[in-house]
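If you're wondering where the values come from, they're calculated on a predicted model, not measured in any experiment. Position 1 is the first residue of the sequence; numbering continues from there.
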Amino acid sequence: LRKADGDEKALDDVADHLEERKLDDAANVLRSMSCSLSNYWTFPKSHWRKIDSTNGVERINAEIKRRIRKVGVFPNDKSALRLIVSIVMDVDEDWMTSRIYLHMQNTEN
């Protein structure tokens, strides 16, 4: 679902169509998510593809899995949690200091 020519009423139209087809649960989900979709639409179109993607989360999960396999066995849950938190902190620091995922100066829609 993409914003059509600035018409934010499009969400209600789609929800109404879903209700006509007896898909009330789907219509309720769409209506409850309308605020999030509106926030999504405030970003430039050039950012939408990156916002849609879960590649970042998948990459972090793969790194956690790789490091846990390398360690093998943990003495307790807290030690595993410390490793996971340190991995996430490293990724966060890397993204905060050296990578630009969304170029905010590009505001074209």
Side-chain angles (χ1 to χ4, degrees):
L1 179 64
R2 295 284 190 230
K3 186 175 179 181
D5 301 322
D7 185 13
E8 295 189 19
K9 189 179 177 294
L11 285 176
D12 285 331
D13 292 343
V14 172
D16 291 342
H17 178 70
L18 290 170
E19 286 176 343
E20 289 169 9
R21 298 184 68 199
K22 307 289 188 229
L23 299 170
D24 294 334
D25 290 342
N28 291 336
V29 169
L30 184 61
R31 285 196 169 102
S32 70
M33 298 300 294
S34 65
C35 183
S36 296
L37 287 170
S38 296
N39 288 337
Y40 170 83
W41 286 331
T42 61
F43 283 90
K45 282 186 179 181
S46 60
H47 293 179
W48 289 0
R49 190 168 145 243
K50 289 182 177 181
I51 293 171
D52 280 344
S53 174
T54 59
N55 289 347
V57 174
E58 291 172 12
R59 176 69 183 110
I60 291 171
N61 287 339
E63 180 64 17
I64 290 169
K65 189 176 185 179
R66 184 186 72 78
R67 297 273 295 273
I68 285 175
R69 282 186 178 160
K70 197 167 203 170
V71 171
V73 178
F74 292 93
N76 56 40
D77 292 345
K78 287 183 180 182
S79 62
L81 185 59
R82 273 193 300 274
L83 174 64
I84 293 168
V85 169
S86 69
I87 292 167
V88 172
M89 287 173 61
D90 286 343
V91 170
D92 177 60
E93 183 179 336
D94 183 38
W95 280 93
M96 294 297 286
T97 59
S98 64
R99 296 184 184 201
I100 299 175
Y101 192 65
L102 296 175
H103 297 275
M104 296 310 289
Q105 68 274 14
N106 181 5
T107 57
E108 66 187 49
N109 280 328

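At distances below 3.5 Å, at least one donor-acceptor pair connects side-chain atoms of Asn28 with backbone N or O atoms of Asp24.
In this structure, CD in Glu63 is found 4.0 Å from CZ in Arg66, a value given to the nearest 0.5 Å. Atom CG of residue Leu30 and atom CD of residue Glu19 lie 9.5 Å apart, to the nearest 0.5 angstrom. Here CG of Leu83 is found 11.5 Å from NZ of Lys70. Values are rounded to the nearest 0.5 Å. If you take CD1 on Ile60 and CD1 on Ile84, they are separated by 12.0 Å, rounding to the nearest 0.5 Å. Interatomic distance, CG of Asp77 versus CZ of Arg82, reported as 11.0 Å (0.5 Å rounding).
Under the 4.5 Å side-chain heavy-atom criterion for ILVMFWY residues, no single connected hydrophobic cluster contains both Val73 and Ile68. Ile64 and Val57 fall into different hydrophobic clusters, where Ile, Leu, Val, Met, Phe, Trp and Tyr side chains are chained together by heavy-atom contacts under 4.5 Å. Taken together through direct or relayed side-chain contacts under 4.5 Å among Ile, Leu, Val, Met, Phe, Trp and Tyr, Met89 and Leu81 form part of one hydrophobic cluster.
Here the side chains of Arg31 and Val14 are not in contact, with every heavy-atom distance at 4.5 Å or above.
Counting heavy-atom neighbours within 6.0 Å of Glu58 CD, excluding the residue itself, gives a total above 12. Surrounding CG of Asn76 are more than 12 heavy atoms belonging to other residues, nucleotides or ligands, all under 6.0 Å away. Within 6.0 Å of CZ on Arg59 lie no more than 12 heavy atoms contributed by other residues, nucleotides or ligands.
Residue Ala15 comes nearest to Ala27 through the heavy atom pair O-CB, 3.5 Å, listed as atom of the first residue, atom of the second, then distance.
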